[in-house]
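By convention here, the first residue in the shown sequence is residue 1. We use all heavy atoms of the structure for the numbers below, so side chains are in, but hydrogens, waters and symmetry mates are not.
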Amino acid sequence: MSEHQFSGGLIRKLWPTEINKFRDHLLRLDNTSRRMRFAHAVSDKFVSDYAERMNEQGSIVYAFIEDGEVRAVAELKKLGDTWGQEAEAAFSVETDYQDRGVGSELMSRVIRAARNRGVLHLYMSCLSQNQKMQRIAKKHEADLHFEYGEVIGDIVPLDSNYFSIMSEVVEDRVGYLMCVLDVSRKRLQKAA
């Protein structure tokens with residue numbers, strides 16, 4: 001279930017109305033985590049602009065949420081205008097939430113989403129010094145190779161089946177309900 005309790009938080013998809021949560025998470029990344037995520041130093045404006053384009057890019061974003069705040073995300077991005085045989089995965093985890101298994105769990109969700117969209121090759125790239133991301137990729141049987149100071153991983157998802165599709169559908173329904181409840185809670189707090 002996408003609302004799986006995970007070390008005091010939960011993992012679910014972010015919905016188009018939650019761009020601000022995505023942006024706030026990216027802005028909270030320390031300089032090292034930001035550089036690991038974007039492969040170079042980036043400004044707050046760059047991060048804000050990137051987050052605003054989340055829906056335009058057709059990305060699917062899974063988040064680890066604790067106390068209403070996004071603390072880690074995994075993005076599944078199509079390469080091109082439609083879902084095809086190749087896609088890209090990108091990850092970011094705030095420092096206090098690293099080394100807790102969150103990134104690995106997010107990777108599992110991204111692989112399943114890619115599988116359900118017919119993706120045959122899921123690529124992830126990271127700086128060669130990003131050992132944490134490389135360990136996660138290896139855990140999920142990625143074929144890793146080095147190119148110009150970066151590590152490129154290729155994961156070949158299994159074919160989708162009834163169970164993989166239904167598990168994503170059920171998680172999406174529960175995740176959407178949690179999003180609606182969170183919005184309602186915030187409105188009640190503002191009204192009080």
Side-chain touch His140/Ile111, heavy atoms, less than 4.5 angstrom | yes
What about Val42 and Leu27, same hydrophobic cluster or not, with Ile/Leu/Val/Met/Phe/Trp/Tyr joined at side-chain heavy-atom distances under 4.5 Å?
-> yes
Verify, without hydrogens or angle tests, whether Ser167 (side chain) and Phe163 (backbone) share a donor-acceptor contact under 3.5 angstrom.
-> yes
Taking the side chain as every heavy atom from C-beta outward, state whether Leu144 and Lys138 have any pair of such atoms under 4.5 Å apart.
-> yes
Atom CG of Leu127 and atom OG1 of Thr32: how far apart are they, to the nearest 0.5 Å?
-> 11.0 Å
Can Arg34 and Leu26 be said to form a side chain to side chain contact (heavy atoms under 4.5 Å, CB included), step by step?
-> CA-CA 7 Å; Arg34 224 185 251 197; Leu26 293 173; over 6 Å; no
Rounded to the nearest 0.5 Å, how far does CD1 of Ile165 lie from CZ of Arg115?
-> 9.0 Å
When rounded to the nearest 0.5 Å, the distance separating CG of Leu106 from CD1 of Ile136 is 8.5 Å
Looking at side-chain heavy atoms only, is the closest gap between Met133 and Met107 below 4.5 Å?
-> yes
Return yes if a side-chain donor-acceptor contact under 3.5 Å exists between Tyr62 and Glu105, otherwise no.
-> no
Determine the interplanar angle of the Trp15 and Tyr176 rings, folded into 0 to 90°, and report it as parallel if under 30°, tilted if 30 to 60°, perpendicular if over 60°.
-> perpendicular
Run through Arg71, Arg37, His25 and flag the one making a side-chain hydrogen bond (donor to acceptor under 3.5 Å, both in side chains) with Ser92.
-> His25
Could you please spell out the steps behind the side chain to side chain contact (heavy atoms under 4.5 Å, CB included) verdict for Phe22 and Val70?
-> CA-CA 7 Å; Phe22 180 52; Val70 171; 5.8 Å; no
Near Asn31 CG, under 6.0 Å, is it more than 12 heavy atoms from other residues, nucleotides or ligands?
-> no
Is the side chain of Ser33 donor-acceptor paired with the backbone N or O of Leu29 at a distance under 3.5 Å, no angle test?
-> no
Residues in side-chain hydrogen bond (donor to acceptor under 3.5 Å, both in side chains) with Asn130, at least two apart?
-> none
Does any non-hydrogen side-chain atom of Ile155 lie less than 4.5 Å from one of Val110?
-> no
Distance only, no hydrogens: is a donor on one side chain within 3.5 Å (strictly under) of an acceptor on the other, for Lys139 and Ser104?
-> yes
Contacts of Asp99 that satisfy side-chain hydrogen bond (donor to acceptor under 3.5 Å, both in side chains) - sequence neighbours left out | Lys132
With sequence neighbours excluded, tell me which residues meet salt bridge (Lys or Arg N to Asp or Glu O under 4.0 Å) with Lys190.
-> none
Minimal non-hydrogen separation, Ala63 against Val73, with atom names | CB-CG1, 4.1 Å
Val151, Phe91: one ILVMFWY side-chain cluster at the under-4.5 Å cut-off?
-> no
Gap between atom CG of Asp143 and atom CD1 of Ile152 - 0.5 Å precision = 11.5 Å
OG on Ser59 to CG on Leu14, rounded to 0.5 Å = 11.0 Å
With sequence neighbours left out, which residue pairs that include part of residues 14-30 fulfil the salt bridge (Lys or Arg N to Asp or Glu O under 4.0 Å) condition?
-> Arg12-Glu18, Glu18-Lys21, Lys21-Asp182, Arg28-Glu69, Arg28-Glu94
Are any side-chain N or O atoms of Asn116 and backbone N or O atoms of Ser164, one a donor and one an acceptor, separated by less than 3.5 Å?
-> yes
Would you mind reporting whether His145 and Glu147 have side-chain heavy atoms less than 4.5 Å apart?
-> yes
Under a single-linkage definition using a 4.5 Å side-chain heavy-atom cutoff for Ile, Leu, Val, Met, Phe, Trp and Tyr, are Met124 and Met36 assigned to the same hydrophobic cluster?
-> no
Are Glu171 and Arg109 close enough for a salt bridge, meaning some N to O gap below 4.0 Å?
-> yes
Take Met54 and Glu52 through the side chain to side chain contact (heavy atoms under 4.5 Å, CB included) test and state the conclusion after the steps.
-> CA-CA 6 Å; Met54 177 181 90; Glu52 287 295 323; over 6 Å; no
Under the side chain to side chain contact (heavy atoms under 4.5 Å, CB included) rule, what do Phe64 and Leu10 come out as? Steps first, then yes or no, please.
-> CA-CA 6 Å; Phe64 172 74; Leu10 54 90; over 6 Å; no
Salt bridge (Lys or Arg N to Asp or Glu O under 4.0 Å) pairs, two or more places apart, involving residues 148-157 = none
Do Arg35 and Gln129 come within less than 4.5 Å of each other through their side chains, counting heavy atoms only?
-> yes
Looking only at atom types and distance, does a side-chain atom of Arg53 sit under 3.5 Å from a main-chain N or O of Asp49, one as donor and one as acceptor?
-> yes
Donor-acceptor pairs under 3.5 angstrom involving side-chain atoms of residues 80-88: please list them, not counting sequence neighbours.
residue : atom : partner : partner atom : Å
Glu86   : OE2  : Tyr123  : OH           : 3.1

Can you label the angle between the Phe46 ring and the His40 ring as parallel, tilted or perpendicular, going by 30° and 60°?
-> perpendicular
Around atom CD of Gln131, are there more than 12 heavy atoms of other residues, nucleotides or ligands at under 6.0 Å?
-> yes
